[in-house]
Amino acid sequence: MDINELVTGALEAREKAYAPYSQFKVGAAVLVEDNSIYRGCNIENASFGATNCAERTAIFKAVSEGHKAIKAVAVTGDPNGYTFPCGICRQVIAEFAEDGNIPIIIVKNKEDYITKTLDEILPGSFTKKDLNS
Ligand code: THU
């Protein structure tokens with residue numbers, strides 16, 4: 001896995017953010033099963049609740065192109081801190097993650113990022129396994 005490509009993907013995607021209300025720009029990049037990468041940014045709306053987060057933009061782009069197995073996620077928001085995925089995005093990542101061990105890369109800048117597993121940031125997740133029992 002080329003972590004640098006994911007990190008750069010998230011940073012470049014952030015430049016496309018549409019965040020006129022919060023001014024808080026977020027970028028994300030997801031690695032899927034065939035090793036292609038999908039990028040996304042947050043897209044806000046005058047009706048605030050219609051806003052879409054960067055992670056979900058990237059995941060929905062991947063899924064809508066036929067990729068339903070995510071191997072890694074990178075996300076970047078605050079250039080001076082570590083911006084973790086919101087709760088809704090953690091749930092959406094869990095829906096498509098290959099397993100709970102996939103890396104979630106929290107990017108401050110190109111040289112400074114931390115990695116957690118999905119299970120670490122969303123312990124005890126509710127997923128399709130719970131519906132099949
Ligand atoms: N945001 C994301 O894009 N991803 C997250 O995980 C956290 C929040 C966006 C949504 C909104 O456009 C802005 O950050 C402020 O909440």
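Here, residue 1 is the first one in the sequence, and each next residue gets the next number.
- Distance check: T76 OG1 to L6 CG gives 12.5 Å after rounding to the nearest 0.5 Å.
- A cation-pi arrangement is found for K108 relative to Y82, the charged atom lying closer than 6.0 Å to the ring centre and inside a 45° cone about the ring normal.
- Although no hydrogens or angles enter the test, the distance criterion places no donor-acceptor pair under 3.5 Å between the side chain of N42 and the main chain of A19.
- The CD1 atom of I37 sits 12.0 Å away from the NE2 atom of H67 when rounded to the nearest 0.5 Å.
- One distance of note links CD1 of I43 with OG1 of T51; it measures 9.5 Å at 0.5 Å rounding.
- Shown here are the side-chain contact (heavy atoms from CB on, under 4.5 Å) partners of F48, two or more places apart in sequence or in another chain: Y21.
- Taking T115 as the reference, nothing meets the side chain to side chain donor-acceptor pair (under 3.5 Å) condition, with sequence neighbours excluded.
- Between the side chains of D34 and S36, a donor-acceptor pair is found at a separation under 3.5 Å.
- Side-chain atoms of R39 do not come within 3.5 Å of backbone N or O of G27 as any donor-acceptor pair.
- Heavy atoms only, all atoms of each residue included: F126 and Q91 are closest at O-NE2, 2.9 Å.
- Panel note: side chain S125, backbone T127; no donor-acceptor pair is recorded below 3.5 Å.
- The nearest pair of heavy atoms linking Y113 to V107 is CB-CA, 3.8 Å.
- Between E55 and C86, the shortest heavy-atom distance links the atoms OE2-N, 4.1 Å.
- Note that OG1 of T83 and CG of D78 are 5.0 Å apart. Values are rounded to the nearest 0.5 Å.
- Checking side-chain atoms of E44 against main-chain N and O of S22 turns up a donor-acceptor pair under 3.5 Å.
- Between atom NZ of residue K71 and atom CG of residue L31 there is a gap of 5.0 Å, rounded to the nearest 0.5 Å.
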